[in-house]
Amino acid sequence: MERQSGSAPLRLAALLLTFTLAVLPLAARAEMVLVMVEEAGCAWCARWNKEIGPIYGKTPEGEAAPLQRVDIGAPPGDIDFARGLHFTPTFVLVRDGAELARIEGYPGEDFFWGLLGQMLEQNGVALTASAGAEG
């Protein structure tokens with residue numbers, strides 16, 4: 001069987017290109033998260049969990065900024081918060097480990113979606129055409 005000398009580098013280049021095109025969009029999406037700072041016994045956290053929690057991950061906002069929950073008593077060391085965490089819930093929009101914006105407290109479902117939409121828009125996050133879980 002005769003082997004073609006030029007085909008191996010071509011296959012390797014095609015494989016690398018395919019891998020790069022498949023992985024880069026996932027890496028870009030993983031940069032942005034919405035950190036929910038909460039604590040046990042927080043009534044407003046419980047209300048958010050009841051009203052928003054079950055649907056958040058299914059919304060354009062949830063796809064653009066997946067939820068990461070943290071306890072106020074044990075904030076992650078890999079996030080650079082702009083200032084201290086004093087209220088629960090606090091929602092912090094984070095890109096590449098740095099805080100971009102936050103919502104302190106839970107103002108209710110209607111206000112939450114509006115404030116979150118403003119935070120995302122002000123930080124250049126484009127949502128899909130069906131954006132908004134308000135309706």
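Computed from a predicted model, the values in this text were never measured in an experiment.
Separating the CG atom in L34 from the CE atom in M119 is a distance of 5.5 Å, to the nearest 0.5 Å. Within the model, atoms CE of M32 and CZ of R95 stand 3.5 Å from one another, a figure rounded to the nearest 0.5 Å. With rounding to the nearest 0.5 angstrom, the CD1 atom of I52 is 4.0 Å from the CD atom of E109.
For T90, the side chain to side chain donor-acceptor pair (under 3.5 Å) criterion is met by no residue, not counting sequence neighbours. Partners of R47 under the side chain to side chain donor-acceptor pair (under 3.5 Å) rule, at least two apart in sequence or in another chain, are E51. For E121, the salt bridge (Lys or Arg N to Asp or Glu O under 4.0 Å) criterion is met by no residue, not counting sequence neighbours. Partners of E99 according to the side chain to side chain donor-acceptor pair (under 3.5 Å) rule, which considers only residues two or more places apart in sequence or in another chain, are R102.
Taking the six-membered ring where the residue is Trp, W113 and Y56 present parallel rings, their angle staying beneath 30° rather than reaching 60°.
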For this session: May I have the step-by-step check of side chain to side chain contact (heavy atoms under 4.5 Å, CB included) for F91 and L116, ending in yes or no?
Result: CA-CA 9 Å; F91 301 91; L116 179 59; over 6 Å; no

For this session: Run the numbers on V94 and Q68 for side chain to side chain contact (heavy atoms under 4.5 Å, CB included), then give the verdict.
Result: CA-CA 10 Å; V94 175; Q68 176 183 340; over 6 Å; no

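Listed by first then second residue, pairs satisfying salt bridge (Lys or Arg N to Asp or Glu O under 4.0 Å) with a partner in residues 32-43 read E38-R69, not counting sequence neighbours.
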Which donor-acceptor pairs under 3.5 Å do the side chains of residues 71-86 make with protein atoms, sequence neighbours left out?
{"unit_1": "D71", "atom_1": "OD1", "unit_2": "G73", "atom_2": "N", "d": "2.7"}

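For N123 against A101, the heavy-atom pair with the smallest separation is ND2-CB, 4.1 Å. Taking each heavy atom of M36 and P89 in turn, the nearest pair found is CE-CB, 4.0 Å.
Linking Ile, Leu, Val, Met, Phe, Trp and Tyr whenever their side-chain heavy atoms come within less than 4.5 Å leaves F87 and I103 in two separate clusters. Hydrophobic clustering, with ILVMFWY side chains joined whenever heavy atoms are under 4.5 angstrom apart, keeps L120 apart from F111.
Results of the side-chain contact (heavy atoms from CB on, under 4.5 Å) test with V35 over L93, V92, L67 single out V92 as the only residue that passes.
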